[in-house]
Structures are given as structure tokens and as C-alpha cells.
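Here's the structure we're looking at; comments come further down.
Lettering of chains follows the sequences in order, A, B, ..., and the numbering in each one begins at 1. Side-chain atoms are counted along with the backbone in the values below, which use heavy atoms only and exclude waters and symmetry mates.
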Protein chains: 2
Amino acid sequence: MIRRLSQARERGIPEATVARLPLYLRALNGMAERGLATVSSEDLAVAAGVNSAKLRKDLSHLGSYGTRGVGYDVEYLIYQISRELGLTQDWAVAIVGVGNLGRALANYGGFVSRGFRVAALLDADPEVVGDHIAGLSVEHIDELEAVIRRRGVSIVVLATPAAAAQQVADRVIAAGVTSILNFAPVVLAVPEGVDIRKVDLSIELQILAFHEQRKTDRMTGGPAMAEEWPEAVDL
Amino acid sequence: MIRRLSQARERGIPEATVARLPLYLRALNGMAERGLATVSSEDLAVAAGVNSAKLRKDLSHLGSYGTRGVGYDVEYLIYQISRELGLTQDWAVAIVGVGNLGRALANYGGFVSRGFRVAALLDADPEVVGDHIAGLSVEHIDELEAVIRRRGVSIVVLATPAAAAQQVADRVIAAGVTSILNFAPVVLAVPEGVDIRKVDLSIELQILAFHEQRKTDRMTGGPAMAEEWPEAVDL
DNA sequence: CCCACTTTGTGCACCGGTTCACAAAGGGAC
DNA sequence: GTCCCTTTGTGAACCGGTGCACAAAGTGGG
Ligand SMILES: NC(=O)c1ccc[n+]([C@@H]2O[C@H](COP(=O)([O-])OP(=O)(O)OC[C@H]3O[C@@H](n4cnc5c(N)ncnc54)[C@H](O)[C@@H]3O)[C@@H](O)[C@H]2O)c1
Ligand SMILES: NC(=O)c1ccc[n+]([C@@H]2O[C@H](COP(=O)([O-])OP(=O)(O)OC[C@H]3O[C@@H](n4cnc5c(N)ncnc54)[C@H](O)[C@@H]3O)[C@@H](O)[C@H]2O)c1
């Protein structure tokens, strides 16, 4: 029986599933706070905003933790998902680039709570170095490698200007970090084995604008059916 | 010939393509600045960090703008992508919730440049209302509907605490907005026809942690092959 | 102990998206 | 005008992911 479970979990959870686990975890935490002991896939799916079959399939990748006819034990599922995501240990995060965004991130309490700890703030600007933010003193970028080593930093958040991001990423990777969350609007080139995730406000807005345009086009009849666009367009 | 193009563009660009167009646009802008007149799919693909076949297929959804044997005209392609994304008009954006994050966003110059204009800042805290940020005065949330109407706001950025997000979203949607960029860590329930995009720092970090754990597991031999997990785990 | 009811876990068909590989198209040299 | 070279645009195979639908498993009541 343990055999069957091991098989189910066979090295490798689909990427799409991994991306949803934090969502389930958040919904479950809400339920735990409200004192629910068990939850059905249907209810949890609604809370997480997904289809219940998808939810069950996702959870089945971790093992067989539900009880047919009953549902899932909330606390136990929280534990299993947390463990799968690696949230049972805590992760030291460094923020590089302490400007508008870097400060907001440093002051943000929301992620300190769940396994992540801001362990260092780094910046190149002598004006900024030494500032105290969220209980930390901003250190100089020259200290990067030393800080990463000393504090056991394993995840770096990049909040520098775009022009500096690649160069900082190179140093961070050379120092042994393999997980980077990048806010700078550049495509970072990184060696195999380094995970980059990017958050790009400007892209999100452009995607929204695209759909918004479609919606209003539809309203106003849109571009004519014939004569889709001008024969030639000068710039 | 126009017929064939119209057909290619037949109402509906794949979502995955839409999400990449801003990336191409950014790469193209860099090239235009460096004075390049034309670019091959291969070069542009490298700059955008994608496969060249994918890039060509993406662009083919907009029309047949390349020249075989030569490549794409940089300026013309910039224009076509901008137009497709709806960036030739400018979009009035309101930011609701002017705390740590809202301020960083308001001060951020990066997206004002490309078709987006921060037209209003709104907050519920009387302490914050009236503050001047990035040339705008923070207005009270009670003014929400009036401000949306008066300034022609069509995209709203939500940067309130999670607890307030749904309620603000409801009002914003009731006021006619159908495009929302949500930074609050909640699943928003919205009617059909409203586009929500979310940016969730905490989820990004959790995904990184998952992979980071896998990497270090691999190093240290990982969880034993047999006895995958304890028979029972108390909480 | 058995039956009716609930809910999980998953086989399977389907779908959007990716990638390969190549025919078709255009440019430039002579 | 012809030939060769480059590069696009796309057909087709493939792949990961989704959602339906249902058998299997477990619960609770009588
Ligand atoms: N502020 C936002 O809302 C926002 C939104 C989306 C994206 N971004 C992106 O995030 C990044 C930061 O934005 P911001 O508004 O905080 O910019 P900012 O200019 O306010 O801050 C950047 C900080 O990085 C520091 N820095 C510069 N070079 C450095 C280096 N080599 N090493 C270490 N630190 C260095 C600067 O001293 C500064 O403190 C930018 O790339 C921006 O495009 C910002
Ligand atoms: N700061 C970050 O780096 C960060 C990162 C990720 C996610 N977030 C999320 O973004 C949101 C904002 O974060 P923050 O750090 O800026 O929080 P914050 O508390 O600094 O700011 C929130 C602001 O929203 C205002 N507000 C509260 N209720 C409101 C309402 N009903 N209408 C209008 N305004 C209202 C508050 O007055 C406050 O000014 C939160 O949901 C947070 O979880 C923040």
C-alpha cells in the first residue's frame, strides 16, 4: 500500500500543479482558522477558484491523502502541501535593490509569515546603504557574496533597475544561488539549473490592455470586416 | 492577398501568444534604440528568450509582416505589435490602496512610458488621503465611482489588504471597469467578461522554494527510496 | 451485516500550445 | 533572366494539461 503511494509520487509533480499548491495552501489556512476539520474537494476547489477534478488530480500527485465519502483532513493536508513545497524549513531571502519596490517588499509582512525570512537588503547607492528598513540595515552590494554565504541565503529577489539586473544575477549565481525572483523588466540569461521567476507589471498591464481593446472593439462594431487594415502604414 | 492576411488574423490570437507580445515589443524597442532596421526571427527570438519557430508562429497570428530572406522591419513590427496590444491609445489606470506597494507602483516610471497613465490614487485611510505622490493627490475611496467616470479609468490596480480586495473589486466592476490587476493574495470572484490578472509574490517564492528543495534533496541523496514517508505524521 | 449515500482517485478523450522540419518566397549576384 | 542563398510561414507530430465521467472506497444508518 505504501508501495502504491510511492509510485503515485514517482519523482516529479507537474509544473502546473506546483503553481497551484500555494493556492490550495492559502485556502486551507483560511479554513483551519475558521475551525474546519475536513473539507471536500468540491469546497476546496471553489475556495481556490479551480475545477474540483483538477484539484483532486493535483493532490493525487502528492499521495492519497483523502478519505472517500469524507474529504480531506484540513490540518494534515496543510502539513503535506507545506512539506512538498519545502515550507517546513525556512528560507533566507536577500533583496537586492532597495528603491521604491525593494522597500515595499522589505516592509511587506505577508511572506515572512510562511517560511520565508528577509535575511539581507543590499544596494549599490551609498546614500541608501546603512538605512534601517524593517529591522535590517542595508548593506553594500560589494558585500554580496559574503552576505549570501554568512546568512545562508538561497533565494534572491532582484529589484534593481533593468540595466543592473543581469550583472547582479551573474554575481548572485556565481555565489551559488540558484533561485531568483526577478522584478526587473529584462530577460535574464542564466545557466542550466538556475530557476528564474519573473514578475513584470508592464507585461500584465499590456495583456489587460489587449483584452480591454478587444472588448471595446466588440462594443463599437470593431475594425471593419473587410479592409482589415490600411494597405500601407507609414511610421 | 489582403484576404489571406485577414484570414490568418481571424478573430483570436492565442493567449500564450498575447502574453509574449510585450516581450517581443521590449526586445524590438531595444533594437530600434540601437539603430537596427531589420531583424531575423532567430535574433529576435534570442533577445526575447524564446524559440524562433514559436516567435514566427506568434507573429504570423498578427499577419504576414516579415520578408523571406531578410527578416522583419523593426519599426514596422513595433507598430504592428503595439497596435495589436492596444498601446496606440493611452489607458487611464487607477491605483486603489496607497500603502507600501501602491506608493512604489505610483512612483514607478516604467509603465507610464508605454501607453499607461496613472490617473488616480485612492485609499480609505484619512491619514493617507490628500497625500501628494508622483504628482497626484490621493483621493478618498468614497469617490471611487466618480473618479472612474470622470477620468475615464479603464484599468484598476488593486493594492489594498487582502480583506478589502473583494469588496473594492465589486465596486470597481459595478462602476464599469472590466480589467483588474490584483496584488492582494485572494482569489477574486468576478462576473463573466471581467479580466483579472494577479501578481502574487508569495506564490512565486513558494514555487521557487519547491524547486530549491528538490535541488538540495538531489544533492544530499534526497528522501530514501523506500520508506517514502512516515507511516503516520502527528501535527 | 448490508445498503444507500458520499466523495475520492483516475482512465480517457480532448485541447491548446510547442517544436521540428521543409516548401515557398524573396533578394542579390552575375 | 537565372541561380543560389537566406529566412519566413506553416503542416503535422507531439506533449503537457484539463475536465468528464465513473468505478472503487469508505461512512453511517438501520
Ligand atoms: N516600483 C515599481 O512599482 C516597479 C514595478 C514593476 C517593476 N519594477 C522594476 O523593479 C526595479 C526596481 O524598481 P524601483 O522603482 O524600486 O527602482 P528604484 O530606482 O527606486 O530602485 C532601484 C534601486 O536599485 C539600486 N541599484 C542600482 N544598481 C544597483 C546594483 N548594481 N546593485 C545593487 N543595487 C543597485 C539603486 O541604488 C536603487 O536603490 C526596476 O527594474 C523596475 O523596472 C518596479
Ligand atoms: N508590499 C509588498 O511588497 C507586497 C507584496 C506582495 C503583495 N502585497 C499585497 O499588496 C497589498 C498591499 O500591500 P501593502 O504592503 O502596500 O499594504 P499596506 O497596508 O501598506 O497598504 C494598504 C493600503 O490600502 C488601504 N486600504 C485599506 N482598505 C482599503 C479600502 N477598502 N479601500 C481603499 N484602500 C484601502 C490602506 O489604507 C493602506 O494604505 C496587500 O494585499 C499585500 O498582501 C504586497
Side-chain angles (χ1 to χ4, degrees), chain A residues 1-21 23-24 28 31 36-74 76-77 80-81 207 211, chain B residues 1-21 23-24 28 31 36-74 76-77 80-81 84 207:
Chain A
M1 185 230 202
I2 285 279
R3 274 274 63 89
R4 268 193 54 251
L5 296 181
S6 294
Q7 207 154 16
R9 195 183 168 235
E10 58 176 22
R11 297 290 119 225
I13 293 176
E15 197 53 36
T17 295
V18 173
R20 282 188 295 266
L21 290 180
L23 225 54
Y24 304 152
L28 285 165
M31 289 168 173
L36 267 79
T38 63
V39 64
S40 71
S41 63
E42 187 55 40
D43 290 352
L44 183 52
V46 168
V50 302
N51 172 306
S52 73
K54 181 151 53 179
L55 174 100
R56 288 197 297 278
K57 190 157 283 182
D58 283 344
L59 294 183
S60 79
H61 287 115
L62 316 189
S64 221
Y65 297 138
T67 307
R68 293 170 192 230
V70 177
Y72 300 87
D73 183 283
V74 171
Y76 188 56
L77 197 49
Q80 290 299 343
I81 295 178
I207 295 170
H211 292 295
Chain B
M1 182 230 203
I2 285 280
R3 275 272 66 88
R4 267 192 56 252
L5 296 180
S6 293
Q7 207 154 18
R9 197 184 168 238
E10 57 176 25
R11 296 290 119 224
I13 294 176
E15 196 52 37
T17 295
V18 173
R20 282 187 295 267
L21 291 179
L23 226 54
Y24 303 152
L28 285 165
M31 288 168 173
L36 268 78
T38 63
V39 64
S40 72
S41 63
E42 187 55 41
D43 290 352
L44 182 52
V46 168
V50 302
N51 171 307
S52 73
K54 179 151 54 181
L55 175 103
R56 287 197 298 277
K57 189 154 282 183
D58 283 344
L59 295 184
S60 78
H61 288 115
L62 316 189
S64 221
Y65 298 137
T67 307
R68 294 169 190 231
V70 176
Y72 301 88
D73 182 283
V74 172
Y76 188 58
L77 198 50
Q80 289 298 344
I81 295 178
E84 196 62 52
I207 295 171

For atom OH of A:Y65 and atom P of D:dG26, their distance in whole Å: 16 Å
Would you say A:S64 reaches C:dG9's phosphate, i.e. side-chain N/O to OP1/OP2 under 4.0 Å? yes
Any side-chain N or O of B:R56 less than 4.0 Å from the OP1 or OP2 oxygen of C:dC22? no
Using 0.5 Å steps for rounding, measure from the CG atom of B:L28 to the CD atom of B:Q80. 12.0 Å
Taking 4.0 Å as the cut-off, does a side-chain nitrogen or oxygen of B:N51 come that near to OP1 or OP2 on C:dG17? no
How many angstroms lie between OG1 in B:T38 and CG in B:L77, if you round to the nearest 0.5 Å? 11.0 Å
Spacing of B:L55 atom CG relative to C:dT18 atom P, expressed in whole Å: 12 Å
If you only use heavy atoms from C-beta on, which nucleotide in D:dG17, C:dT19, D:dG19 is closest to the side chain of A:K54? D:dG19
5′-ward residue of the pair A:G69/A:D58 relative to DNA chain D: A:D58
Counting only side-chain N and O atoms of A:S40, is one of them less than 4.0 Å from OP1 or OP2 of C:dT7? no
Just so I know, are the side chains of A:L44 and A:V74 near enough to count as touching, which here means a heavy-atom distance under 4.5 Å? no
Would you tell me if any nitrogen or oxygen in the side chain of A:T67 comes within less than 4.0 Å of OP1 or OP2 on D:dG26? no
Expressed in angstrom and rounded to an integer, what is the separation of B:I13 atom CD1 from C:dG16 atom P? 16 Å
Rounded to the nearest 0.5 Å, what separation is found between the OG1 atom of A:T17 and the OH atom of A:Y24? 7.0 Å
Considering just the side-chain nitrogens and oxygens of B:Y72, establish if one lies under 4.0 Å of OP1 or OP2 belonging to D:dG9. yes
Between P on C:dG17 and CG on B:L21, what's the gap in Å once rounded to a whole number? 13 Å
Pick base, sugar-phosphate or nothing for A:A16, based on heavy-atom distances below 4.0 Å to the nucleic acid. sugar-phosphate
Check the distance between D:dT8's C1' and B:L62's CG and give it to me in whole angstrom. 14 Å
Looking at C:dT18, does its base get a donor-acceptor pair with the side chain of B:K57 below 3.5 Å? no
How many Å lie between NE2 on A:H61 and P on D:dG16, as a whole number? 12 Å
Rounded to whole Å, the CG-P distance (B:L44 to D:dT7) equals 14 Å
Under the salt bridge (Lys or Arg N to Asp or Glu O under 4.0 Å) test, residues paired with B:R20 that sit two or more places apart: B:D58
Grab the CG-P distance between A:D73 and D:dG26 for me, whole Å please. 16 Å
Side-chain donor/acceptor contact of A:R68 with base of C:dT8 under 3.5 Å: yes
